[in-house]
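Throughout, a chain's letter reflects where its sequence line sits, starting with A, and its residues are numbered from 1.
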Amino acid sequence: SQKIEQNSEALNIQEGKTATLTCNYTNYSPAYLQWYRQDPGRGPVFLLLIRENEKEKRKERLKVTFDTTLKQSLFHITASQPADSATYLCALHLRGGGATNKLIFGTGTLLAVQP
Amino acid sequence: DAMVIQNPRYQVTQFGKPVTLSCSQTLNHNVMYWYQQKSSQAPKLLFHYYDKDFNNEADTPDNFQSRRPNTSFCFLDIRSPGLGDAAMYLCATSRVEQGGYQPQHFGDGTRLSIL
C-alpha cells in the first residue's frame, strides 16, 4: 500500500540545537517533495521544495535532503528557536500527477523547541 | 497583501443541515483546492478546480460538492453533514504554468462542528 510516514511522536529539542525531521514514503514516485509548516488553528505554510534529481536544498536555517533510493527526505532546522515550534508536514507531488500540482501530505511531526 | 481568505473561521451546523464554506483569493491563481483535515491527521484532498474544470478525488463522498463561479471564489457545500464531517476545511491555491512548479498557498481554514 502507499504510505507517507513522519515521526508520530513529538520531537522535543533544546534551543540552539539542530532539529531533524524524517519523511519516509512507500510505493510512490514523487517528482517533487515539499515541506510545510503548520501552526495550531492555521493553514500550512510552504517552506521548501526539492526535485527528484536534487540531493539537497537550503534556505537560511533550513535544509532538506531527498534520497529517492531510500525513499526518504530529511528536514533540518539549525540553531533552532522556540518560534520554530510547530507541526511540519511533508508532501509529495507525484510524477505523472498531472498539471494541477496535486499533493499528498504526511501526518506531520510536532516540533517543540525548549528555551 | 495577496492572500487566501476563508470564511467563516468557525462554523457550527446541525446534523443533516446543509452548510457552505467559502474561499476567496487575490493571487489570481488558476487552481483552487479543498482539503479536509481531522485532528492530528494529514490534510486530505477532496477536489480541485483547474480554471473551470472540476476534478473530484475518487474517495470523496457524494455529500461534498464544490462551485467556482469565478477565478477568485470557490465554495464547498456539504449537503447533509454527519458527525464524521466535523473537521478543519482548508482551501489552497496554486499557479500551474508550463515548465515550472509552484507551491500551494493555504487559507487558515474553517473549523466545522456538527451538533
Side-chain angles (χ1 to χ4, degrees), chain A residues 1-10 23-25 28 30-54 57 59 62 64 66 86-111, chain B residues 1 3-6 9-10 21 23 25 27 29-60 68 87-112:
Chain A
S1 64
Q2 296 175 314
K3 283 192 297 186
I4 303 173
E5 292 181 318
Q6 297 185 249
N7 313 60
S8 56
E9 301 283 329
C23 176
N24 294 297
Y25 59 91
Y28 284 117
Y32 307 89
L33 188 145
Q34 301 180 49
W35 285 87
Y36 287 77
R37 169 185 172 139
Q38 187 172 26
D39 290 285
R42 306 295 298 271
V45 174
F46 171 74
L47 296 174
L48 279 171
L49 176 153
I50 188 164
R51 292 173 172 76
E52 61 178 331
N53 60 353
E54 296 176 321
K57 208 72 169 289
K59 179 183 175 183
L62 308 180
V64 174
F66 193 13
T87 295
Y88 291 85
L89 302 164
C90 77
L92 308 183
H93 175 90
L94 304 181
R95 194 183 307 116
T100 55
N101 298 344
K102 274 174 52 173
L103 296 176
I104 301 169
F105 281 87
T107 54
T109 297
L110 177 61
L111 172 67
Chain B
D1 285 334
M3 54 177 42
V4 180
I5 302 168
Q6 292 189 243
R9 289 296 312 278
Y10 302 92
L21 310 182
C23 177
Q25 55 131 340
L27 297 160
H29 285 171
N30 50 3
V31 187
M32 295 185 78
Y33 312 83
W34 279 104
Y35 290 87
Q36 180 192 64
Q37 186 177 29
K38 296 186 177 180
S39 182
S40 301
Q41 293 187 21
K44 179 180 179 298
L45 183 64
L46 296 172
F47 26 59
H48 70 277
Y49 273 95
Y50 183 3
D51 291 325
K52 293 183 179 179
D53 293 333
F54 177 71
N55 298 271
N56 201 27
E57 293 301 299
D59 56 355
T60 297
R68 189 180 185 186
M88 173 78 91
Y89 290 88
L90 295 164
C91 173
T93 71
S94 181
R95 168 151 292 283
V96 171
E97 47 196 27
Q98 263 195 332
Y101 178 85
Q102 301 297 325
Q104 293 185 15
H105 298 254
F106 284 82
D108 278 335
T110 294
R111 182 163 295 284
L112 179 67

Non-neighbouring partners of A:Phe46 that pass ring pair (Phe, Tyr, Trp, His ring centres under 6.0 Å), sequence neighbours left out: A:Tyr36

Set of residues satisfying side-chain hydrogen bond (donor to acceptor under 3.5 Å, both in side chains) with respect to B:Tyr33, sequence neighbours excluded: none

Residues B:Glu57 and A:Lys102 bridged, charged N to O under 4.0 Å: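 A:Lys102 and B:Glu57: salt-bridged.
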
Contact summary for B:Leu90 and A:Pro44, nearest pair of heavy atoms: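 Nearest heavy atoms, B:Leu90 then A:Pro44: CD1-CD, 3.9 Å.
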
For the student: nearest non-hydrogen atoms of A:Gly106 and A:Leu89, plus distance: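 Closest pair (atom of A:Gly106, atom of A:Leu89, distance): O-CD2, 3.5 Å.
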
A:Leu110 versus chain B, the contacting section by heavy-atom distance below 4.5 Å: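 For A:Leu110, there is no contact with chain B at all, as no heavy atom is under 4.5 Å.
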
Chain B contact via A:Gln6 - which portion, at a heavy-atom distance below 4.5 Å: neither

Pairs of heavy atoms under 4.5 Å with chain A: top-ranked of B:Ala92, B:Ser40, B:Ala42: B:Ala42

Structural part of B:Gln104 lying under 4.5 Å from a heavy atom of chain A: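 Both parts, backbone and side chain.
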
Chain A contact via B:Tyr35 - which portion, at a heavy-atom distance below 4.5 Å: side chain

